[in-house]
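Reviewing the structure listed below.
Along the sequence shown, residues carry numbers from 1. Just follow the structure's listing: the first ligand is 1, and inside any ligand the first atom is 1.
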Amino acid sequence: MDNKNYRWSNKQIRNHVKVLDGVIHPNMVLKNATYLNTYLHQWLVANIWIYDDRIVYVGEYLPENSCGYEEIDCQGQYLVPGYIEPHAHPDQLYNPLTLAKHAGQFGTTTLISDNLGIFLELTTQVAFELLNKFRELPSTMYWWCRFDAQTEFPNNDEIFNTEDVTSWLQHESVLQGGELTGWPKLLNGDDQMLSWLQETKRLHKKVEGHLPGASERTLAKLMLMGTDCDHEAMTGQEALTRLMQGYTVSLRHSSIRPDLDILIKELIELGVQKFDRFFFTTDGSHPHFYENGMTDELIKIAINHGIPLTDAYNMASFNIARYYNMEHLHGSIATGRIANINFLESKNNPTPISVLAKGKWIKQDRKDKFVSPSIEWNKYQISPLHLNWSLEEDDWSFSTSNGIHLINNVITKPYESSIDLSKEELSFEDDECFLMMVGRDGSWRINTLVKGFAQQLGGFASSYSGTGDIIIIGKRKTDMLTAFDRMRKIGGGMVLVEENHILHEISLPLTGIMSDLDMGFLIKKEKKMIELFKERGYKYNDIAFTLLFFSATHLPFIRLTPSGLYDVKNRKVLASPTKRVPAFH
Ligand SMILES: Nc1ncnc2[nH]cnc12
């Protein structure tokens, strides 16, 4: 790919044309292919010529000279466009590479991803070098540009400055601004954010909302401000209200909100028959959710509800491509498109047996053929955490009785504890634990309590968090310290400790947030961690989301942020962080 051109260089395009003239032979011809014609909503038969990463012809002809290319007899298979995930969070324990590899095996060959992790961690220059590197992947990677961090950073305005945000918005791989987790600020008069939305529209890019529970009036206001799509509808009526207010609606099915069944069922009951303005997202689910598939699972749900096949496939491909103004590149099997094609053994089974991505097999006859570029992560300042400080005696004083009550995977309520906090160990008879967040640089900490997280938890430490800071939870201070020390020693990760014994750990050597393990291994490790937590009284199903969203001020009601214990509704710091002087080691 050449940066000066929209995708292909003049020379490459001349070569594509020469294939049709017979001067150059294609690399591959998919012969006798029954494929879904997106535009006619019909299954048609054609020969599909591929040269490099592009479909150069779809029609009845075969090349005049029948040698020099791989010929694939497609008899008995059904070809559909590669699936697109329009709303990926590419650093949810996995990393962008391992996500792309895994997603590709289930036919999702294009990912449109959150920049938040990269934006917070890297300089813009290094981040863009990394984006360039990702272009070497067989999957196609696009990005979105955040306007807020979904938490309270004391130096928020320095981080989200117009220069950096604008550079991101202008980047050719960036397709949209958002998601707008900070929309209340926008409504309350934040003109800087509004001007970034304006800039996004000026660049003909999209704006993604994040509008859970928003009223019709709020939806209308945010449409007026430039929002195009939202993925937070939890009922058919909410999805329909969004549509009525001019939105494109992304129907979500994720590890904490597996709502697609309800959404589709209720939309049908509400009389919806046209699905052109809907598409699917798995919204950054954690690894375990992707064990048996990704977008293909969502298409299956739609098919099971009797949605016409073309609509079901379009919601995973064409509708997304058209929405992002990429119809010329993605979303259909047609001349000129990037050669992302899924081969199915039946029209009703969207899990592909073979997958082409950019014209290369990444799965063939059920075998994984994905070739990852090797990425030297530390070249891009993505390396294991080097915490050169440790926890000291003073850090273990817990005195505030104001704590966080976890009422599902991610929703919290304030509560006041009546337990005796002077002890080294809390009772295993109730569900309150010590909770500590420590700044990654060791310069501050917040000590509080969490109720409803676990009952019999010795100690647990995690560098996986929404802010990159360290979370330590447990009943027993000695176990918490052992967990922290171990997490520090392995350069970041999640560590579960009981009576000084390490029960389980997930190493996260990429900035303490991402694993470098292939998804299959990571899924096993994550599932074991969830199981161990459940055995210890964790009542929910996504421990990683609980950790990630302790700091998330786009959710109610009380959060642990680098600015302090935070009351979301009243936008007030309830308790400021305690300053520490890190003793360097
Ligand atoms: N807002 C968000 N929703 C889902 N997953 C996320 N990961 C990071 N931010 C997220």
*Tell me, yes or no, whether the heavy-atom count around M244 atom CE, taken from other residues, nucleotides or ligands under 6.0 Å, exceeds 12.*
no
*Steps toward side-chain hydrogen bond (donor to acceptor under 3.5 Å, both in side chains) verdict (D542, S255)*: CA-CA 7 Å; D542 198 323; S255 50; 2.7 Å; yes
_Strictly below 4.0 Å, N to O, side chains only: are R252 and D283 in salt-bridge contact?_
yes
*asked:* Whether K572 and D567 form a salt bridge (side-chain N of Lys/Arg under 4.0 Å from carboxylate O of Asp/Glu) is what I want to check.
replied: no
_Distance-only donor-acceptor check, side chains H253 and E297, under 3.5 Å_ = no
Find all protein N or O atoms under 3.5 angstrom from an N or O atom of ligand 1 and list the pairs with distances, or write 'none'.
unit_1   : atom_1 : unit_2 : atom_2 : d
ligand 1 : 1 (N)  : Q150   : OE1    : 3.0
ligand 1 : 1 (N)  : E179   : OE2    : 3.2
ligand 1 : 3 (N)  : H89    : NE2    : 3.4
ligand 1 : 5 (N)  : H89    : NE2    : 3.4
ligand 1 : 7 (N)  : H89    : ND1    : 3.4
ligand 1 : 7 (N)  : Q92    : OE1    : 2.6
ligand 1 : 9 (N)  : R146   : NH2    : 3.4
ligand 1 : 9 (N)  : Q150   : NE2    : 2.8

*asked:* Under a 3.5 Å threshold, yes or no: a donor from one side chain and an acceptor from the other, between K206 and T248?
replied: no
